[in-house]
Engineer: 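Below is one structure. I have some questions about it.
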Amino acid sequence: MPRAEPLSSGEPRLRVDALVSPHGGPFSVTVDAHECVAIVGRSGSGKSVLLRLIADLDPHDGEVWLEGGARSSWPAPEWRRRVVYQAAEPAWWASTARAHFAPASLALVDALLSNLGLDNALMDSDITRLSTGERQRMALVRSLACEPRVLLLDEPTAALDQASTLAVEALLAARLAAGLSVVFVTHSREQAERIGHRLLEVRDHQIHAP
C-alpha cells in the first residue's frame with residue numbers, strides 16, 4: 001500500500017537505549033516520524049516485553065527518549081498519553097466503549113469507526129457483547145483517539161478477518177502518513193513486510209536483524 005517514508009533527519013521520534021528487565025533485553029532501537037517498525041518473533045520470545053518496557057509498565061533499567069526528551073523527565077500519565085501501548089487483549093474498565101472516550105474526541109472517534117467498518121451504535125453496547133474482533137478494532141480507535149506521537153501495538157489484528165485486517169492496515173498507513181510513529185508486533189512475517197518500513201526480530205529476549 002502507498003505509505004510515507006520515515007523522516008530520519010535529526011533526532012528520531014523515539015529512541016530506546018539498553019532497556020532491560022528480568023524478562024528481556026537489553027533492547028535498543030530508534031523509530032522515526034512516519035515510520036512503522038514491525039517486530040516478529042516466536043511466542044514467548046520477548047516481543048510484548050519490549051513494548052511494555054517502552055511504555056514504562058514494568059520495572060527496568062535503561063532509558064527512552066521521545067523527541068529528545070528523556071522519559072524519566074515526564075510524569076508517567078503524560079508519557080502514556082504520548083506513547084500509547086495497546087495490549088494484545090486490551091482491558092476495558094467501563095461497561096460501554098463510549099465511557100472510555102473524552103467528549104472532545106468524539107468527532108475523531110466517529111471517523112475512525114467508519115474507517116474500520118464499525119457502526120457508531122457499538123459505542124453504547126455492552127462491551128462484553130461485542131465480538132473479539134469488534135473489541136480489538138474498538139481498542140485501536142481508543143488508542144488513536146489519544147492522538148499519540150508513538151503507538152505500540154501488540155498483535156492488533158490477531159482476531160480479525162482479512163477484510164478487517166486490511167482496513168486496520170489502511171488506517172495505520174494514513175496515520176503514519178500524517179506523522180504517527182508505530183511499533184507493530186505481529187506473528188505474520190507477511191504482514192510485517194506489508195506494513196513495516198523496517199523488520200526486526202526478537203529472539204531470546206533480544207532484538208536481532210531478521
Engineer: When rounded to the nearest 0.5 angstrom, what is the spacing between CZ in R194 and OG1 in T165?
Structural biologist: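 With rounding to 0.5 Å, CZ (R194) is 7.5 Å from OG1 (T165).
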Engineer: Just so I know, are the side chains of R80 and Y85 near enough to count as touching, which here means a heavy-atom distance under 4.5 Å?
Structural biologist: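 The answer is no, as the side chains (C-beta and beyond) never meet within the 4.5 Å cut-off.
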Engineer: Please confirm whether the backbone N or O of A18 pairs with a side-chain atom of S28, one donor and one acceptor, at under 3.5 Å?
Structural biologist: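 Indeed, once roles are kept as given, a pair shorter than 3.5 Å links the two residues.
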Engineer: Ignoring hydrogens, what is the shortest heavy-atom contact between A70 and E63? Give both atom names and the distance.
Structural biologist: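 A70 and E63 have their closest heavy atoms at CB-OE2, 3.7 Å.
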Engineer: So does R42 have more than 12 non-hydrogen atoms from other groups sitting under 6.0 Å from CZ?
Structural biologist: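 No - once you tally the heavy atoms of other residues, nucleotides and ligands closer than 6.0 Å, there are 12 at most.
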Engineer: I'd like to know if R13 and E35 make a salt bridge, using a cut-off of under 4.0 Å between side-chain N and carboxylate O.
Structural biologist: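 A salt bridge is absent here (no side-chain N lies under 4.0 Å from a carboxylate O).
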Engineer: Would you say E78 has more than 12 foreign heavy atoms packed within less than 6.0 Å of its CD?
Structural biologist: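 Enclosed.
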Engineer: State the CD1-CZ distance between I39 and F27, to the nearest 0.5 angstrom.
Structural biologist: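 It is 9.0 Å, given to the nearest 0.5 Å.
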Engineer: Given 3.5 Å as the limit, does a donor-acceptor pair link the side chain of S131 with the main chain of E134, or not?
Structural biologist: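 Yes, the answer is positive, given that a donor and an acceptor are paired below the 3.5 Å cut-off.
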Engineer: Within the 4.5 Å heavy-atom criterion, are L172 and C36 side-chain neighbours or not?
Structural biologist: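 With C-beta onward as the side chain, the pair stays apart.
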Engineer: Would you say I127 and L122 are hydrophobically clustered, going by side-chain heavy atoms of ILVMFWY under 4.5 Å?
Structural biologist: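 Looking at the clustering, L122 is in the same group as I127.
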Engineer: Please name the pair of heavy atoms, one in P59 and one in L53, separated by the smallest distance, quoted to 0.1 Å.
Structural biologist: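 Taking every non-hydrogen atom into account, O-CD2, 4.2 Å.
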Engineer: Do L152 and V141 land in one hydrophobic cluster if side-chain heavy atoms of ILVMFWY residues count as linked below 4.5 Å?
Structural biologist: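 Different hydrophobic clusters.
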Engineer: Enter the distance from L140:CG to M138:CE here, rounded to the nearest 0.5 Å.
Structural biologist: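 With rounding to 0.5 Å, CG (L140) is 11.0 Å from CE (M138).
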Engineer: Under a 3.5 Å distance rule, please check whether S164 uses its side chain to pair with a backbone N or O of D161 as donor and acceptor.
Structural biologist: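 A pair under 3.5 Å: no.
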Engineer: Evaluate Q136 against V168 for side chain to side chain contact (heavy atoms under 4.5 Å, CB included), listing each step before the verdict.
Structural biologist: CA-CA 10 Å; Q136 197 161 44; V168 166; over 6 Å; no
Engineer: Please list all pairs meeting ring pair (Phe, Tyr, Trp, His ring centres under 6.0 Å) that have one or both residues in residues 110-168, counting only residues at least two apart or in different chains.
Structural biologist: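 Counting only pairs at least two positions apart or across chains, no ring pair (Phe, Tyr, Trp, His ring centres under 6.0 Å) contact touches residues 110-168.
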Engineer: To the nearest 0.5 Å, tell me how far R142 CZ sits from R137 CZ.
Structural biologist: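 If I round to the nearest 0.5 Å, the distance is 15.5 Å.
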Engineer: Is it possible for you to say whether V83 and V29 belong to one hydrophobic cluster, with membership spreading through side-chain heavy-atom contacts below 4.5 Å?
Structural biologist: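 Yes, V83 and V29 fall within the same hydrophobic cluster.
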Engineer: Please tell me if the side chains of T186 and T157 come closer than 4.5 Å, counting only heavy atoms from C-beta onward.
Structural biologist: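 Of all side-chain heavy-atom pairs linking T157 with T186, none is under 4.5 Å.
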Engineer: Do side-chain atoms of H208 reach the backbone of V202 as a donor and acceptor pair under 3.5 angstrom?
Structural biologist: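 Flag not set: sc H208 to bb V202 has no pair under 3.5 Å.
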Engineer: If every non-hydrogen atom of A192 is compared with every non-hydrogen atom of L199, which pair is closest and at what distance?
Structural biologist: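 It is CB-CD1, 3.5 Å.
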Engineer: Is any side-chain N of the basic residue among E155 and K47 closer than 4.0 Å to the acidic one's carboxylate O?
Structural biologist: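 Salt bridge absent between E155 and K47.
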Engineer: Indicate the atoms forming the closest heavy-atom contact of G69 with W79, along with that distance.
Structural biologist: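 Shortest heavy-atom separation between G69 and W79 comes out as O-CZ3, 4.5 Å.
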Engineer: Does some side-chain heavy atom of H197 sit less than 4.5 Å from a side-chain heavy atom of H34?
Structural biologist: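 No, every pair of side-chain atoms sits at 4.5 Å or beyond.
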Engineer: L51 and L144: same hydrophobic cluster, using ILVMFWY side-chain contacts below 4.5 Å?
Structural biologist: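 Hydrophobic grouping puts L51 apart from L144.
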Engineer: So, using salt bridge (charged side-chain N to carboxylate O under 4.0 Å, His left out) as the criterion, who are the partners of D124 when residues are at least two apart?
Structural biologist: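 By the salt bridge (charged side-chain N to carboxylate O under 4.0 Å, His left out) rule, D124 matches R98.
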Engineer: Tell me the closest heavy-atom pair linking R135 and L130, and the distance in Å.
Structural biologist: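 Looking at all heavy atoms of both residues, the shortest contact is NH1-O, 2.6 Å.
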Engineer: Nearest 0.5 Å, please: how far is CZ in R71 from CG in L66?
Structural biologist: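 Reported to 0.5 Å precision, the distance equals 11.0 Å.
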Engineer: With a 4.5 Å limit on heavy-atom distance, are the side chains of R198 and T30 in contact?
Structural biologist: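 SC-SC contact between R198 and T30 confirmed.
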Engineer: Is the number of heavy atoms from other residues, nucleotides or ligands under 6.0 Å of D126 CG greater than 12?
Structural biologist: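 Above 12, so yes.
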Engineer: Say you draw a straight line from CG of D17 to CH2 of W65; how long is it, rounded to the nearest 0.5 Å?
Structural biologist: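 One finds 4.5 Å between CG of D17 and CH2 of W65.
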Engineer: Are side-chain heavy atoms of Q206 and P26 found at a separation under 4.5 Å?
Structural biologist: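 With C-beta onward as the side chain, the pair touches.
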Engineer: Residues in side chain to side chain contact (heavy atoms under 4.5 Å, CB included) with S143, at least two apart?
Structural biologist: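 Only V84, Q86, L151 meet the side chain to side chain contact (heavy atoms under 4.5 Å, CB included) criterion with S143.
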Engineer: Could you note down all residue pairs passing side-chain hydrogen bond (donor to acceptor under 3.5 Å, both in side chains) where residues 106-117 supplies at least one of them, sequence neighbours left out?
Structural biologist: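 Sorted pair list: D110-N120.
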Engineer: Passes side chain to side chain contact (heavy atoms under 4.5 Å, CB included), V150 versus V31? Steps please.
Structural biologist: CA-CA 9 Å; V150 178; V31 187; 5.7 Å; no
Engineer: Would you say L153 and L171 are hydrophobically clustered, going by side-chain heavy atoms of ILVMFWY under 4.5 Å?
Structural biologist: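 Same hydrophobic cluster.
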Engineer: Applying side chain to side chain contact (heavy atoms under 4.5 Å, CB included), can you list everything that pairs with E147, at least two apart in sequence or on another chain?
Structural biologist: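 L108.
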Engineer: Using every non-hydrogen atom in the two residues, find where S43 and H187 come nearest and quote the distance to one decimal.
Structural biologist: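 That would be OG-CE1, 3.2 Å.
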Engineer: Between V182 and I195, is a side chain to side chain contact (heavy atoms under 4.5 Å, CB included) present by the stated rule, with each step listed?
Structural biologist: CA-CA 10 Å; V182 176; I195 71 170; over 6 Å; no
Engineer: Could you list the residues that satisfy ring pair (Phe, Tyr, Trp, His ring centres under 6.0 Å) with H60, not counting sequence neighbours?
Structural biologist: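 Result, ring pair (Phe, Tyr, Trp, His ring centres under 6.0 Å) vs H60: none returned.
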